[in-house]
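Reading through the structure tokens given below for one structure.
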Amino acid sequence: MLTRIDHIGIACFDLDKTVEFYRATYGFEVYHSEVNEEQGVREAMLKINDTGDGGASYLQLLEPTREDSTVAKWLAKNGEGVHHIAFGTADVDGDAADIKAKGVRVLYEEPRIGSMGSRITFLHPKDCGGVLTELVTSADPGAAH
Ligand code: V0V
Ligand code: CO
């Protein structure tokens with residue numbers, strides 16, 4: 001069951017500059033940052049609020065680490081902006097299977113590693129009304145993140 005907005009992914013050319021915009025404009029601080037080489041991104045998670053299921057909601061700021069990454073390709077075509085939305089679930093495997101059975105393309109056969117050790121998969125934007133959609137199970141769904 002999808003129980004929260006886990007994050008909104010925002011693609012940018014310059015992560016440090018974008019982090020500074022969110023800090024100066026809204027007062028949001030970086031909760032966690034990392035490089036995910038498989039996904040080709042350097043990212044910063046800004047925690048917005050805790051949620052009723054023991055998780056949290058974040059903004060995920062994404063800067064590409066290489067030119068052939070999905071985010072670099074998207075930025076070249078669209079410029080900066082909202083890249084994907086992510087729903088949180090305690091069971092990414094089960095929810096992905098259920099959604100696949102409804103005819104929506106799930107991009108990975110097995111979930112991959114996402115931010116903060118989470119397990120993630122994606123649904124094809126062309127099957128989701130133009131919205132790239134991610135499903136996330138936190139490393140510890142009972143913990144604060
Ligand atoms: C592409 N399209 C999108 C899109 N990216 N539509 C909405 N939102 C997006 N973000 C559209 C694009 O405009 C094309 O439409 C069509 O899909 C095919 O796109 P393409 O440019 O030819 O690119 P593809 O097919 O090579 O790749 C698209 C997919 C790719 C969605 C398959 O981006 C992908 O595998 N994404 C999942 C991984 C990812 O995005 N990782 C970065 C975040 P037209 O022109 O044909 O109409 S990593 C992350 O979130 C982490 C680590 C985390 O949360 O922990
Ligand atoms: Co994401």
Side-chain angles (χ1 to χ4, degrees), residues 1-19 21-23 26 28-51 53-145:
M1 187 176 47
L2 309 178
T3 51
R4 65 179 183 277
I5 302 283
D6 186 275
H7 62 269
I8 297 170
I10 296 172
C12 63
F13 292 110
D14 184 333
L15 185 63
D16 297 337
K17 204 172 141 190
T18 305
V19 162
F21 170 80
Y22 280 92
R23 193 199 62 73
Y26 308 113
F28 297 144
E29 301 287 346
V30 175
Y31 181 78
H32 174 86
S33 62
E34 68 182 64
V35 171
N36 185 322
E37 285 296 353
E38 182 181 33
Q39 294 290 340
V41 295
R42 188 162 81 94
E43 55 152 269
M45 295 294 268
L46 314 183
K47 186 169 166 180
I48 309 303
N49 59 275
D50 293 308
T51 54
D53 61 358
S57 296
Y58 304 87
L59 291 184
Q60 180 177 61
L61 307 180
L62 301 158
E63 177 194 83
T65 56
R66 45 186 163 79
E67 284 188 6
D68 63 346
S69 70
T70 55
V71 171
K73 196 172 167 186
W74 189 87
L75 278 165
K77 190 173 168 189
N78 302 285
E80 296 182 315
V82 175
H83 177 261
H84 65 274
I85 63 169
F87 296 121
T89 167
D91 180 15
V92 63
D93 303 83
D95 284 325
D98 290 349
I99 290 167
K100 186 178 178 182
K102 294 176 186 174
V104 173
R105 279 170 287 172
V106 176
L107 296 183
Y108 305 149
E109 275 193 24
E110 291 291 329
R112 297 184 184 173
I113 298 302
S115 189
M116 300 182 282
S118 58
R119 296 175 69 241
I120 63 172
T121 195
F122 289 89
L123 312 179
H124 201 289
K126 290 292 170 192
D127 296 346
C128 301
V131 180
L132 176 60
T133 304
E134 178 183 343
L135 309 180
V136 187
T137 295
S138 301
D140 177 1
H145 61 87

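Note that ligands are numbered from 1 as they come in the structure, with each ligand's atoms numbered from 1 the same way.
- Contact analysis puts Tyr108 in contact with ligand 1, with a non-hydrogen atom separation below 4.0 angstrom.
- The contact set between ligand 1 and Val71, taken as ligand atoms under 4.0 Å from a residue heavy atom, comprises 42 (C).
- Proximity of atom 25 (O) of ligand 1 to the protein is not indicated, since no non-hydrogen protein atom lies closer than 4.0 angstrom.
- The shortest side-chain heavy-atom distance between Val106 and Leu135 does not fall under the 4.5 Å cut-off.
- A salt bridge links Arg42 to Asp16: at least one charged side-chain nitrogen sits closer than 4.0 Å to a carboxylate oxygen.
- Between Val104 and His124, every side-chain heavy-atom pair lies at or beyond the 4.5 Å cut-off.
- With a 4.5 Å cut-off on side-chain heavy atoms, Tyr26 and Leu59 do not count as touching.
- Nearest to atom 23 (O) of ligand 1 among the protein's heavy atoms is Lys73 NZ, 3.3 Å.
- Every atom of ligand 1 is numbered from 1 in the order shown, and the set under 4.0 Å from a heavy atom of His7 is 54 (O).
- Distance screen at 4.0 Å: atom 41 (N) of ligand 1 has a protein heavy-atom neighbour inside the cut-off.
- Among all non-hydrogen protein atoms, the one lying nearest atom 46 (O) of ligand 1 is Lys126 CE, 3.9 Å.
- In this structure, atom 54 (O) of ligand 1 lies nearest to the protein heavy atom Glu134 OE2, 2.7 Å.
- The backbone N or O of Arg105 lies less than 3.5 Å from a partner atom in the side chain of Asp127, making a donor-acceptor pair.
- The single protein non-hydrogen atom nearest to atom 29 (C) of ligand 1 is Leu107 CD1, 4.5 Å, given as residue, atom name and distance.
- Taking a cut-off of under 4.0 Å to the non-hydrogen atoms of His84, the atoms of ligand 1 that pass are 43 (C), 50 (O).
- Ligand-side atoms of ligand 1 in range of Ser115: 53 (C), 55 (O), range being under 4.0 angstrom from any heavy atom.
- Remark: at the Co ion (ligand 2), atom OE1 from Gln60 and atom NE2 from His7 enclose 80°, rounded to the nearest 10 degrees.
- The number of heavy-atom neighbours closer than 6.0 Å to CD1 of Ile8, taken from other residues, nucleotides and ligands shown, is 12 or below.
- Looking from atom 49 (C) of ligand 1 to the surrounding protein, the closest heavy atom is Gln60 OE1, 3.7 Å.
- The shortest separation from a heavy atom of Ala86 to ligand 1 is not under 4.0 Å, leaving the residue out of contact.
- Looking only at protein heavy atoms, the nearest one to atom 30 (C) of ligand 1 is Thr70 CG2, 3.7 Å.
- Annotation: atom 3 (C) of ligand 1 to nearest protein heavy atom, Pro125 CG, 3.6 Å.
- Shown in contact with Asn36 at under 4.0 Å from a heavy atom are these atoms of ligand 1, numbered in order with element: 52 (C).
- Listed by number with element, the atoms of ligand 1 under 4.0 angstrom from any heavy atom of Gly114 are 55 (O).
- From Leu62, atom CG reaches atom CE of Met45 across 9.0 Å, with rounding to the nearest 0.5 Å.
- Taking any N or O of Gln39, backbone or side chain, at least one lies under 3.5 Å from an N or O belonging to ligand 1.
- Taking backbone and side-chain atoms together, Glu134 has an N/O/S atom less than 2.8 Å away from the Co ion (ligand 2).
- Thr133 places no side-chain N or O within 3.5 Å of a backbone atom of Leu123 that could act as its donor or acceptor partner.
- Less than 4.0 angstrom separates atom 18 (C) of ligand 1 from none of the non-hydrogen atoms of the protein.
- Among all non-hydrogen protein atoms, the one lying nearest atom 45 (O) of ligand 1 is Lys77 NZ, 2.7 Å.
- Between the Thr89 side chain and the Thr137 main chain, no donor and acceptor come within less than 3.5 Å of each other.
- Proximity of a side-chain donor or acceptor of Asp95 to a complementary backbone N or O of Gly88 within less than 3.5 Å is not detected.
- Close contacts between ligand 1 and Trp74 involve ligand atoms 4 (C), 5 (N), 8 (N), 9 (C), 10 (N) [criterion: under 4.0 Å to a heavy atom].
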